[in-house]
Amino acid sequence: MFQKPIYRLRRKAAACAVCAVTLLTPALAAGFTDVPQNAWYASAVNEVVEAGLLSGTSAATFQPNGKVTRAMTVTALWRLAGAPAPESGQSFHDVPADAWYTDAVAWAAETGVASGNGKGAFQPGNLVTREQLAVFLYQYAQSQGLDTAQGKLSAYTDGNTVSKWAVDGMEHAVGAGLISGSKGKLSPKATATRAELAVVLERLMTPAVG
């Protein structure tokens with residue numbers, strides 16, 4: 001009786017093992033090892049990375065749970081607006097003239113999307129809370145001549161904990177469907193994550209929102 005060579009059987013077994021590993025390993029979004037294709041933010045990461053609004057923290061990682069900074073936020077919105085050249089140079093003493101976010105900060109200050117702390121600093125590395133992100137989105141809509149929305153914060157169990165200065169922004173973000181709650185809560189004081197920012201930007205890119 002004819003018998004298949006042992007080496008062929010071994011190669012076949014090895015190929016089957018590779019197939020099994022492939023099937024058990026979740027597909028990755030945008031080539032990032034930390035963004036499973038079935039994650040709730042995966043499609044948003046794909047969209048915003050392809051559009052050039054956000055990039056990975058390395059060639060292989062996106063860090064979806066990483067925290068969002070002021071520099072990151074205004075840069076993403078600046079890119080969404082088409083990366084217009086600022087009319088004048090920035091004047092914040094904590095923003096270098098050649099930083100990756102320099103033009104974005106200058107644009108944000110000129111258009112009213114963001115402002116400094118009143119003492120000549122922009123604080124680009126400061127983390128952004130969800131209510132601060134909402135205010136950025138509200139001011140971005142105004143700067144672009146877009147309609148603003150008025151959602152009902154009372155629909156959330158912690159809606160009354162939104163800071164007074166952020167109420168208009170959060171009402172807009174909720175009403176426009178840019179920010180949604182989790183388990184009935186908005187968590188306005190929680191720091192926004194990169195995954196959340198990606199989802200917000202994806203929603204801004206849709207005609208129904210912006």
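Owing to the predicted nature of the structure, the values given are computational and were not obtained by experimental measurement.
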- prompt: Heavy-atom count around Gln150 CD within 6.0 Å, excluding the residue itself: above 12?
  reply: no

task: Could you point out which residue of Asn65, Val199, Asn46 forms a side chain to side chain contact (heavy atoms under 4.5 Å, CB included) with Tyr41?
output: Val199

statement: Residues pairing under salt bridge (charged side-chain N to carboxylate O under 4.0 Å, His left out) where one sits in residues 74-89, two or more places apart or in two chains, turn out to be none

field: Pairing residues for Val167 by the side-chain contact (heavy atoms from CB on, under 4.5 Å) criterion, not counting sequence neighbours
entry: Leu153, Val162, Glu171

message: Using only atom types and a distance under 3.5 Å, with no angle test, would you say the side chain of Thr102 pairs donor to acceptor with the backbone of Pro96?
response: yes

Shortest non-hydrogen separation from Pro36 to Ala42 and the atoms involved: O-CB, 3.3 Å

message: Filter on ring-ring contact (aromatic ring centres under 6.0 Å, His included), then keep only pairs touching residues 144-164, sequence neighbours left out; what's left?
response: none

message: On a heavy-atom basis, which atom in Ala114 and which in Val74 lie closest, and how many Å separate them?
response: CB-CG1, 3.9 Å

query: side chain to side chain donor-acceptor pair (under 3.5 Å) with Thr129: which residues, sequence neighbours excluded?
result: Gln132

field: Any Gln142 side-chain heavy atom under 4.5 Å of Thr148 side chain
entry: yes

query: Can you tell me how far the NZ atom of Lys164 sits from the CD atom of Glu131, to the nearest 0.5 Å?
result: 13.0 Å

message: If the condition is side chain to side chain donor-acceptor pair (under 3.5 Å), which residues does Gln144 pass it with, not counting sequence neighbours?
response: none

query: What residues form a side-chain contact (heavy atoms from CB on, under 4.5 Å) with Ala198, not counting sequence neighbours?
result: Ala44, Val45, Val48, Leu54, Phe62

task: Kindly indicate, with the supporting measurements, whether the criterion side chain to side chain contact (heavy atoms under 4.5 Å, CB included) is fulfilled by Leu201 and Leu77.
output: CA-CA 8 Å; Leu201 292 170; Leu77 294 175; 4.2 Å; yes

message: Quick test of your reading: applying side-chain hydrogen bond (donor to acceptor under 3.5 Å, both in side chains), list the pairs with at least one residue in residues 49-62, sequence neighbours left out, ordered by first then second residue.
response: Thr57-Thr61, Ser58-Thr61

field: Pairs touching residues 119-140 that satisfy ring-ring contact (aromatic ring centres under 6.0 Å, His included), sequence neighbours left out
entry: Phe92-Phe122, Tyr138-His172

- prompt: What's the spacing between Arg203 CZ and Glu47 CD if we round to 0.5 Å?
  reply: 13.5 Å

statement: Scanning both residues in full, the closest heavy-atom pair of Leu133 with Leu197 reads CD1-CD1, 4.1 Å

message: Going by side-chain contact (heavy atoms from CB on, under 4.5 Å), name the residues that satisfy it together with Ser115, two or more places apart in sequence or in a different chain.
response: none

message: Ignoring hydrogens, what is the shortest heavy-atom contact between Tyr101 and Asp94? Give both atom names and the distance.
response: OH-O, 4.3 Å

field: Residues clustering with Leu127 (ILVMFWY side chains joined when closer than 4.5 Å, directly or via others)
entry: none

task: Measure the CZ-CE distance between Arg130 and Met170 for me, rounded to the nearest 0.5 Å.
output: 6.5 Å

field: Side-chain touch Thr193/Pro64, heavy atoms, less than 4.5 angstrom
entry: no

Interatomic distance, Thr69 atom OG1 to Gln123 atom CD [nearest 0.5 angstrom]: 12.0 Å

- request: Kindly give the cluster partners of Val135, where membership spreads through any ILVMFWY side chain lying under 4.5 Å from a current member.
  value: Trp165

Please tabulate, for the side chains in residues 174-188, all donor-acceptor contacts under 3.5 angstrom to protein atoms that are two or more places apart in sequence or on a different chain.
none

- prompt: If you take all heavy atoms of Trp78 and Pro84, which pair is closest and at what distance?
  reply: NE1-O, 2.8 Å

field: Which atom of Ser43 lies closest to which atom of Glu202, heavy atoms considered
entry: OG-OE2, 3.5 Å

